[in-house]
Q: 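The structure that follows is given in the form of structure tokens.
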Amino acid sequence: MTEAIQNVANPQIEVKDLNLWYGDKQALKNVSIQIPKNSVTAFIGPSGCGKSTFIRCLNRMNDLIKSCRIEGEVSIEGKDIYGPGVDVVDLRKQVGMVFQKPNPFPMSIYDNIAYGPRIHGVNKKDLEGVVEHALRSAALWDEISDRIRSPAFSLSGGQQQRLCIARTMAVKPEIILFDEPCSALDPISTAKIEELIMNLKKDYTIVIVTHNMQQAARISDHTAFFLMGELIEFGKTRQIFENPGEKSTEDYITGRFG
Amino acid sequence: MVRETYLQQLALLKESVLSLGELAEKILHDSMESVINLDLELARETLDLEPKADRLEYKIEVTINDLIALQQPLAGDLRLVVSALKISADLRRIVGLSINIAKIPGKIEGGHLKPLVDTRRMGDIAEEMLANSLKAFETRDPDLAKGTAALDDDVDKLFYSVWVELIEMMAKDPSIVSKATHLLFLIRYLERIADHCCNVCESVVYLSTAERIKLN
């Protein structure tokens, strides 16, 4: 593995010897990684390599799968998120997630954003500011400020996805996980989301799973390559795409298998 | 194997660069023979080869354009594409300089001022550098590339000694200035060819190791 990443100066997420099984099938094998704060870390690898499973461990989304068993350590800001007494709802507030398909709630644009803050007890008078701030941060405000009471489903796919990002940000997470956020979007919407992700890293730590290698190359600072449940290589993105250390990484990113 | 077409295009790119290299080797060798022996027939045949180099350079450029636009090469493939682009430009310059050399026999009347011993030696080293830099490219051998570039010092030393010799000869006998000037240009061309071989070697080191270094 590449030297630059062995000792991350400012790791926000630390994973040690993570193993995960779905029933008898082992999906993650001894994964150890340190993810730096305020940066974009991309996870790439062929379908079924474990990359989505891995990021779902970071906010315990895998807890929702019955047959799933996890061993190892995942800590965020030094705190073991699988430790006793961890409130999973709080954890998921701290570690937000945006999915492959935009999934707005069947309500207005405004209420989509306000939903989380309301639950977390934000005052009614502060709510408008929170909504506007989230929509501005998601680079959506200028496009929809005159119709925030319209149904979220009236937005285009790309706008819906940015709405979901705004909704995630409205509860002030520290980390945002993106699971293939652009795979259902056209190139223009994709470019907007990519630009957005690059801007968000100053305030958030971003972890993104993508099948689009060019996307990983364009937007991430670090890239991790997974293969058959193992973390094969983790390094600076420039290095991974210009001169990877492992042959299987090179074979994958140059399309020689996958 | 996936991406069959892509891999064929990469192989074609490498082959085309090597073909241009082979042609550059032939043009350099024949131009040196023609100038040393003042062989006008060989010089003319050599000059006729330049359009072939243009066609190969064009083919390489188109292949590279297609690869970047349509295939988005990465990692070692990306380094191949980048180095092929640079190497082909250097090879084309080597061809251009060799063509300049092949034009000299037509300008020299009578024999040479003196036997071209050191100049021939410069030509031999330049040919060796070109052959080895191409071999280093073909086999992605950074050590061979570095060793090859080290020969540039020998070429430079010979350049300065012949240069001083020619200046002194001209100072003594101004009637030889025209002939001597052609020889000055000749050694300058050879010195530049050796520099371009060093550039090729630098590209080979980048291709093999992703390291960007200066070799001359």
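Letters A, B, ... mirror the listed sequences (proteins, then strands); counts begin at 1. Just so you know, these numbers come straight off a predicted model, no measurement behind them.
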Q: Which of residues 203-214 of chain B get closer than 4.5 angstrom to chain A, counting heavy atoms alone?
A: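 Within residues 203-214 of chain B, the residues that come under 4.5 Å of chain A (heavy atoms only) are B/Y206, B/T209, B/A210, B/R212.
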Q: Can you tell me if CH2 on B/W163 sees more than 12 non-hydrogen neighbours from other groups inside 6.0 Å?
A: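 Incorrect, the count does not exceed 12.
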Q: Surrounding NZ of B/K26 (heavy atoms of other residues, nucleotides or ligands, distance under 6.0 Å), is the total greater than 12?
A: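 Incorrect, the count does not exceed 12.
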Q: More than 12 non-hydrogen atoms from neighbouring residues, nucleotides or ligands closer than 6.0 Å to NZ on A/K29, yes or no?
A: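 More than 12 within 6.0 Å, yes.
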Q: Got a sec, which residues hit side-chain contact (heavy atoms from CB on, under 4.5 Å) with B/A75, two or more places apart in sequence or on another chain?
A: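 By the side-chain contact (heavy atoms from CB on, under 4.5 Å) rule, B/A75 matches A/P244, A/E250, A/I253, A/T254.
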Q: If you apply the rule side chain to side chain contact (heavy atoms under 4.5 Å, CB included), what do you find for B/D77 with A/R256, and how did you get there?
A: CA-CA 11 Å; B/D77 298 345; A/R256 281 168 173 75; 2.7 Å; yes
Q: Within a reach of under 6.0 Å around OH of B/Y6, are more than 12 heavy atoms found that belong to other residues, nucleotides or ligands?
A: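 It does: B/Y6 OH has more than 12 such atoms within range.
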Q: How about OH on B/Y160, more than 12 heavy atoms from neighbouring residues, nucleotides or ligands closer than 6.0 Å, or not?
A: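 No, OH of B/Y160 has 12 or fewer neighbouring heavy atoms, counting only those of other groups under 6.0 Å.
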Q: For B/K86, look at atom NZ and say whether over 12 heavy atoms of other residues, nucleotides or ligands are found less than 6.0 Å away.
A: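 Incorrect, the count does not exceed 12.
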Q: Could you tell me the separation between the CD atom of A/Q214 and the CD atom of B/Q72, rounded to the nearest 0.5 Å?
A: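 Reported value, rounded in 0.5 Å steps: 5.0 Å.
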Q: What is the distance from atom CG of B/L78 to atom CG of A/N243, rounded to the nearest 0.5 Å?
A: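 Answer rounded to 0.5 Å: 10.5 Å.
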